[in-house]
Amino acid sequence: MSQTYKVEVSNNGEVSHFEVPSGTTILQAAHDANIDLPSSCFAGVCTTCAAKVLEGEVSQEEGMGVSEELQAEGYALLCVAFAKSDLKIEAGKEEEVYDRQFGAS
Ligand code: FES
């Protein structure tokens with residue numbers, strides 16, 4: 001049975017709400033709801049759509065662009081992430097993910 005979850009997303013300080021059916025990626029659902037979130041490849045490789053999950057659970061088996069370590073901290077690529085519960089997300093984390101994965105240190 002398909003289920004629908006509620007998502008609250010903040011992007012540059014702007015908070016939006018939308019619903020995501022269990023078989024639809026979070027980015028696609030946001031797009032369908034006319035919510036503009038950073039995106040580019042839609043395939044889990046570029047990290048443009050990186051976000052941080054503040055509350056709730058996602059599954060992102062095809063998320064190649066984010067290391068397991070960062071995934072464990074809640075970072076997700078919204079174009080390949082599916083909701084597993086109601087969610088609270090902060091979008092626009094590309095730089096943060098990039099720095100953490102490829103930055104110096
Ligand atoms: S849009 Fe490229 S990784 Fe999601």
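Both ligands and their constituent atoms are indexed starting at 1 by order of listing. Keep in mind that this is a model prediction, so the values were computed, not measured. The figures that follow rest on heavy atoms only: side chains count, while hydrogens, waters and symmetry mates do not. Counting from 1, the numbers follow the sequence of the chain as shown.
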statement: Rounded to the nearest 0.5 Å, the CG atom of Leu37 sits from the CD1 atom of Ile26 at a distance of 10.0 Å
query: Under 3.5 Å, is there a donor-acceptor pair between the side chain of Glu8 and the main chain of Val15?
result: no
- prompt: Can you list every pair that meets side-chain hydrogen bond (donor to acceptor under 3.5 Å, both in side chains) and has a residue in residues 41-56, with sequence neighbours left out?
  reply: none
field: Nearest non-hydrogen partners of Val66 and Gln71, listed with the distance
entry: O-NE2, 3.1 Å
message: Between Gln60 (side chain only) and Tyr75 (backbone N and O only), is there a donor and an acceptor less than 3.5 Å apart?
response: yes
field: Metal environment of atom 4 (Fe) of ligand 1, protein N/O/S under 2.8 Å
entry: Cys49 SG, Cys79 SG
- line: On a heavy-atom basis, the closest approach of Ala29 and Pro21 is CB-CD, 4.4 Å
